[in-house]
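The first residue in the sequence is number 1, and the count goes up from there. Note that these values count all heavy atoms, side chains included, but never hydrogens, waters or copies made by symmetry. Counting starts at 1 for both ligands and their atoms, following the listed order.
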Amino acid sequence: MTAVPTSTPPGNAQPNQFHPIAVAMVLGLIGALINCFPFPFLPEVELIFGNTMIIVAAMCLKPQWALLTALLTATPLYFTWGHPFAFLTFGLEALTISYLRTKGFYVLFANIGYWCLIGMPLTGFLVWLNLEQGTVYWLFIALKQGFNAALYTTMGCLLGFLLSDQLNANWSQQPPLKKKLRHQLNYAIVLVTTLGLSATTLFISRDLILGAQEVVETTLEDRSRKFAEIIDISMKNQQSAIALAANWLSAIPANQWQQSLEQVHQSYTGFLTMLVTDHNANIIHASPSKLLLVDAKLNVADRDYFQQAMLTQSLYISPVFKGRGFGNDTIVAISTPIFDSAAPNQPKGIVEGSVDLSFIGKVTDAKLGSEAIKVVVTDQHDNIIYAHPSFNLEPLYLFDTERVVDTSIQDRLIIESLPDKQFAYAMTTATMNWKIYTLIDYDVTVKEIEREYLVIFFALIFTLLLTTVLAHRIGNRITRPLRFIIKQVNKYDNKTITEFAPLYQVAATEIDQLYNELKSDKRSVKEYQQQLEFKVQERTKELNEANQKLKARANIDSLTKVYNRHFLDSRFEQIQKAAQRSGDNLSVVMLDLDHFKRLNDTYGHITGDNVLVAVAEVISRAFSRETDLVARFGGEEFVIVAPYISPEALTRKLESLRSAIAALQLSDSSGRAITTSASFGAVIAKASFADNIVCWIKVADACLYQAKGNGRNRVVLDDQTASEQMVAEAEL
Ligand SMILES: Nc1nc2c(ncn2[C@@H]2O[C@H](COP(=O)(O)OP(=O)(O)OP(=O)(O)O)[C@@H](O)[C@H]2O)c(=O)[nH]1
């Protein structure tokens, strides 16, 4: 996506802006306050929403101030979490996204990138490296932080979106984001989708995970209770066997005891050995009978099971102990006194059975999913009767554990022999005060959550990508009519089309309306433009004509309507050059009216003017070739420039003109007849004679002077062509 940093340079503080330090601190303190109360989301997972302020800070402040906000926001987490990682990960987060924001990136996309590429790997690494049990939890904690970031980032962006006017007006040091409409739409869709999705999936998974944990908890409790029942029943069975044996032995003669004892033992296979003592604790019978052959004089007066049974005269169940005499197995002894029917209060001895505890392992085999539930059974003194082989715990030893109390999840146990592991557990106390522990590796639960998180994580990333693609397409689709309109308008303006094409039928009605209005506006503008162009053309034409008239006026003598002296000066060079190029003759004639002063004096100036006009007309008629030029030289003097003419023709023409002027029949206002005449001084030569009119005039003027001197009304011609001819011939 391309970013267009805008016109307002970052950091151009407006006078009404707050100072960035103040803004950073206020945001940081709000963030810190919120982070003092993390939201307990899941066992082991608390959501922190104070970081929303880091996002807001990154959206409107420069990186160093966003960092300040992040450090303040992370401070409570230092105390809650007991390590300073938050400063590092959130500080880096603030710096990165604020910097990318100055480069024109959306904070949402910048932060998704940060957490995927830096935040989560860094968190995982720090946890793995530094935390106790980090090797188990690194992925779990990294994912947890990623989700948390997705939530607070979208919340921050939404906040920024809603408050964008205020932020831009008062706080923002960041350049406004000028993006294409379809990019803005894309952003808005992704933002809303990410927020909705991450919140929904997290809360759904929360229920799933809690449900799964409850299953673990109830299964452990259930198993523990079940095992307690089984062990109880089994022990009760053994107790019944001992009680039965005692009753039986009390009722039969002593010589039958050995046989009866063996019969009972055969019926109740749960005993390792059984024995009968006399009242002095000497073992008198045993099963199997071969045990007696080993040591016939064995006395058990110091054993609990003898003393307690004789003393209480009731059934006694011993704590677990290591057998002596008939082997050294770990056993529990059940004993009860044997009475003589003649003396019911005087026990004749005891009958005892040593319970084979290996049955516990057989009856406590269970699984939770694929994981084995491990069982530990302790006696009333917490000494181990049975422990799952994986624990490596010897019977008889104290079951030494440490309880990890966790308010958000079931308590856990750490067993002394496996200090690196924690176990989720349940415990039931059986009737003999035996404790039945069912345990499962707590890592399994964590891995379960971790697996859930991974699934959600990839689902989120996938959905995000999908949303981006869809949002892009939706944005394209929505803005397509606008792009179409822009294209049409450009084509219309550039005159590539004369009529607008119809808009897509599916375009929004507002856009349709806009297009129609635009079309009619453009058409009106075009019509108006055409009218204007037409008017401008007309005016230009008029102006040109007026200009030409003015120009002509500037070249024409206002009285006589022949050219003026100014035009004569400017045009002469052109005529001379053309004639020179073709090697032709050029003649310049000076014409002066005779006694014009007298005429003026006699008839008045108005009449004088009329005579000038009439003479000018006659001259113009006489020299009317396109190449001829007649100009008023001043007062009553005229100059004629006539190229391409021979001396003879010129002489003829001038004589005829002189006669025509003299023959003019003019009258004044009162009808008095006026006669006039003119004197001519002329020069004819090759055009190359001189390119300056002054030279020509000089010669003509001299001739005129001569004409005047010779009596006026005559032509004096200086023919230079003959002399030039001679020079040329002489040169040849
Ligand atoms: N009515 C009228 N008179 C003009 C005009 N321009 C010059 N004149 C007059 O023409 C006269 C020229 O007189 P001069 O130069 O003495 O020459 P002249 O009387 O014609 O005598 P010669 O040239 O020697 O025959 C002057 O009286 C000028 O006032 C004009 O536009 N209109």
Side-chain angles (χ1 to χ4, degrees), residues 549-572 587-624 628-642 650-684 692-719:
K549 273 181 190 163
L550 265 179
K551 234 188 208 170
R553 256 180 224 159
N555 293 331
I556 300 280
D557 175 59
S558 58
L559 178 68
T560 60
K561 308 296 178 216
V562 295
Y563 291 110
N564 57 22
R565 187 168 175 177
H566 164 74
F567 187 75
L568 170 71
D569 289 341
S570 63
R571 188 63 190 271
F572 176 78
S587 65
V588 172
V589 181
M590 281 207 78
L591 182 156
D592 188 289
L593 293 186
D594 299 331
H595 302 299
F596 195 66
K597 181 174 174 340
R598 202 166 58 200
L599 192 148
N600 264 337
D601 294 344
T602 313
Y603 300 102
H605 267 82
I606 304 288
T607 306
D609 284 353
N610 291 338
V611 171
L612 284 173
V613 172
V615 170
E617 273 176 14
V618 176
I619 303 170
S620 295
R621 269 201 302 275
F623 287 90
S624 58
D628 293 344
L629 190 150
V630 176
R632 188 177 172 200
F633 196 66
E636 84 295 15
E637 282 180 333
F638 294 87
V639 170
I640 304 160
V641 179
L650 179 67
T651 308
R652 267 198 312 276
K653 247 175 142 27
L654 289 179
E655 277 303 328
S656 123
L657 177 62
R658 186 192 58 76
S659 308
I661 293 170
L664 269 176
Q665 292 186 351
L666 302 163
S667 58
D668 71 352
S669 54
S670 51
R672 283 187 288 172
I674 300 166
T675 54
T676 187
S677 66
S679 301
F680 295 76
V683 54
I684 185 161
N692 193 335
I693 190 168
V694 178
C695 300
W696 294 83
I697 292 280
K698 228 182 193 172
V699 180
D701 201 32
C703 293
L704 179 63
Y705 184 74
Q706 209 179 325
K708 288 277 185 188
N710 292 345
R712 299 183 174 82
N713 194 18
R714 65 194 62 244
V715 175
V716 176
L717 173 67
D718 184 353
D719 183 1

Q.
Please list all pairs meeting salt bridge (charged side-chain N to carboxylate O under 4.0 Å, His left out) that have one or both residues in residues 693-703, counting only residues at least two apart or in different chains.
A. none

(Q) Which protein residues come within less than 4.0 angstrom of ligand 1, counting heavy atoms only? (A) Asp592, Leu593, Asp594, His595, Phe596, Lys597, Asn600, His605, Gly608, Asp609, Leu612, Arg632, Gly635, Glu636, Lys708, Arg712

Q | Of Val683, Asn692, Leu704, Val588, the residue whose pairing with Ile697 passes side chain to side chain contact (heavy atoms under 4.5 Å, CB included) | A | Val588

**Q.** Flag if over 12 foreign heavy atoms under 6.0 Å of CZ, Phe623
**A.** yes

Expected list for residues 650-660: side-chain donor-acceptor pairs under 3.5 angstrom, two or more places apart:
unit_1 : atom_1 : unit_2 : atom_2 : d
Thr651 : OG1    : Pro647 : O      : 2.6
Lys653 : NZ     : Ala622 : O      : 2.7
Glu655 : OE1    : Arg658 : NE     : 3.0
Glu655 : OE1    : Arg658 : NH2    : 3.0
Arg658 : NH1    : Asn713 : O      : 3.3
Arg658 : NH1    : Asn713 : OD1    : 3.1
Ser659 : OG     : Glu655 : O      : 2.8

Considering only distance and modelled atom types, tabulate donor-acceptor pairs under 3.5 Å from the side chains of residues 605-620, sequence neighbours left out.
unit_1 : atom_1 : unit_2 : atom_2 : d
Thr607 : OG1    : Tyr603 : O      : 3.1
Ser620 : OG     : Ala616 : O      : 3.0

Q. Should Lys708 and Asp594 count as an ion pair when the cut-off is N to O under 4.0 Å?
A. yes

